[in-house]
Amino acid sequence: MRSTIRYAFALCLLPLLGCVAEEEYVGEGGLTAFAVTTDTPPFFEGEEASLYLVEARVELPITPPTNQDLERLRANVGDMAVPWERLPWVRRDDLAIEIDWALTNLTESGARVALVLNGFNEFHEYSPAFVVDDDEVIPDFAQYERDMEIEPFETRTGTIRAEHLDEVAIDLSTVVNGAPNSNQVVYFDSDSHTDPRVQPYIPPIIAGLTGFRLGIRATGLPDTECPDGGCGVLVLEASVRVKDEGDRLASGDDEAWQLPQPALFTPVAAMAEP
């Protein structure tokens, strides 16, 4: 399920006096919601267990590089140990991203769900796999996830902070650079900077995120009566704030970069390679 998401850009208007936050909203309709409903099919359905996953894909409007820019980025790779044929146009410190979210349970039953996020840059996109063990579906870790018990008719709110999304960017560049255990690297409660098992695989340059997938994941849905079908079960609303440190955001009527199609990276795919 795809959705329009509201973006809020923080602009530095007075450099000598400090940054003044000013919100600019883009995308049709501003803030919108995406939902899990009683009609939502399972992402995976087994004989004994099912996995539900509904996501919105958010692409940031990036100022397009020129052909000269791309040639310079290719030429500057040199002997640098990076997992790409050129250096990234968007680097880790160019954009500081934060996401405010609100998750609402519309039913009379409680539920255990996870708010999940996986990032992509101009080269790769992280796509966790899952395994089925007897009658249980066990998903790999998302790059960011927050498990929660949500009560009937409850709304939970929170913020995915800039440091969390910075870690997402580092971890994505690290796993595609050959780190042997992707689940270990992306585990949301770890820090690649302080993990000696991970540090040898962190490339000298980190590609910045050009977007992410934000979603709701559950192994079952709350019970609810819905005689007509299509009733809402869980609704997620989100807004995205971006501070443009590297002059990489397209704004106003400027045309955004047609982002390259990133290669999917999953732990299973990585382990299957010889």
Side-chain angles (χ1 to χ4, degrees), residues 1-8 25-60 97-120 125-160 164-165 188 211-241 264 266:
M1 180 179 294
R2 296 176 67 88
S3 172
T4 301
I5 298 292
R6 180 180 71 173
Y7 304 83
Y25 300 97
V26 300
E28 294 183 15
L31 178 65
T32 61
F34 65 95
V36 178
T37 74
T38 52
D39 287 342
T40 298
F43 178 75
F44 170 81
E45 187 170 22
E47 294 183 2
E48 300 293 336
S50 299
L51 179 68
Y52 292 85
L53 178 65
V54 177
E55 297 179 310
R57 182 183 179 84
V58 178
E59 292 186 355
L60 300 180
I97 308 165
E98 291 197 334
I99 305 167
D100 296 318
W101 57 269
L103 178 64
T104 301
N105 181 1
L106 301 176
T107 76
E108 296 179 348
S109 301
R112 184 166 186 84
V113 300
L115 176 76
V116 295
L117 179 145
N118 291 288
F120 56 88
E125 178 169 350
Y126 196 75
S127 181
F130 61 90
V131 297
V132 180
D133 183 10
D134 294 330
D135 59 351
E136 186 178 6
V137 181
I138 305 171
D140 285 330
F141 292 126
Q143 289 193 281
Y144 173 91
E145 59 183 77
R146 176 173 170 182
D147 291 295
M148 65 191 85
E149 293 278 357
I150 186 165
E151 300 298 326
F153 304 114
E154 181 185 9
T155 296
R156 292 283 190 93
T157 62
T159 298
I160 305 176
H164 293 140
L165 287 154
F188 53 91
F212 52 85
R213 301 188 322 276
L214 180 67
I216 304 167
R217 188 186 69 205
T219 53
L221 298 182
D223 293 329
T224 185
E225 294 184 5
C226 186
D228 298 325
C231 296
V233 176
L234 299 163
V235 173
L236 181 65
E237 298 175 312
S239 63
V240 181
R241 302 193 308 275
L264 288 179
T266 73

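Computed from a predicted structure; not experimentally measured. Just the heavy atoms: all of them, side chains too, but no hydrogens, waters or symmetry mates, feed the values below.
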What residues, two or more places apart in sequence or in another chain, satisfy ring-ring contact (aromatic ring centres under 6.0 Å, His included) together with F43? none

Side chains of E59 and F120 in contact at under 4.5 Å (non-hydrogen atoms): yes

Heavy atoms of A35 and V54 approach each other most closely as O-CG1, 3.9 Å

Closest approach of G110 to P152 (non-hydrogen atoms, all atoms of both residues): N-CG, 3.8 Å

Grab the two heavy atoms, one from A238 and one from I99, that are nearest each other, plus how far apart they are. CB-CG2, 4.2 Å

Non-neighbouring partners of Y52 that pass ring-ring contact (aromatic ring centres under 6.0 Å, His included), sequence neighbours left out: none

Is the shortest heavy-atom distance from the side chain of R156 to the side chain of M148 under 4.5 Å? yes

The criterion is side-chain hydrogen bond (donor to acceptor under 3.5 Å, both in side chains); which residues satisfy it with E125, sequence neighbours excluded? R57, R213

Rounded distance [0.5 Å steps], CD1 in I160 versus OH in Y144: 5.0 Å

Under 4.0 Å between a side-chain nitrogen and a carboxylate oxygen: does that hold for R241 and D100? yes

Please enumerate all residues that pass side-chain contact (heavy atoms from CB on, under 4.5 Å) together with E108, with sequence neighbours excluded. F153

Below 4.5 Å, heavy atoms only, C-beta onward: do L53 and V116 meet side chain to side chain? yes

Any chance you could measure L165, atom CG, to L117, atom CG, to the nearest 0.5 Å? 6.0 Å

With N105 as reference, evaluate V235, L234, T155 under the side chain to side chain contact (heavy atoms under 4.5 Å, CB included) test and give the passing residue. L234

Could you go through the side-chain contact (heavy atoms from CB on, under 4.5 Å) check for L115 and I216 one step at a time? CA-CA 5 Å; L115 176 76; I216 304 167; 5.5 Å; no

Measure the shortest side-chain to side-chain distance between W101 and T159 over non-hydrogen atoms and say whether it is less than 4.5 angstrom. no

Distance (rounded to the nearest 0.5 Å) between N118 CG and S127 OG: 7.0 Å

Determine, stepwise, if the pair H164 / E98 fulfils side-chain contact (heavy atoms from CB on, under 4.5 Å). CA-CA 9 Å; H164 293 140; E98 291 197 334; over 6 Å; no

Qualifying residues under side-chain contact (heavy atoms from CB on, under 4.5 Å), relative to T219, sequence neighbours excluded: L51

Residues in side-chain contact (heavy atoms from CB on, under 4.5 Å) contact with A111, at least two apart in sequence or another chain: V113, I150, P222

Strictly below 4.0 Å, N to O, side chains only: are E55 and R217 in salt-bridge contact? no

Is there side-chain contact between L264 and Y126, with heavy atoms separated by less than 4.5 Å? no

Residues D147 and A114: closest non-hydrogen pair is OD1-CB, 3.2 Å

Would you mind reporting whether C231 and T37 have side-chain heavy atoms less than 4.5 Å apart? no

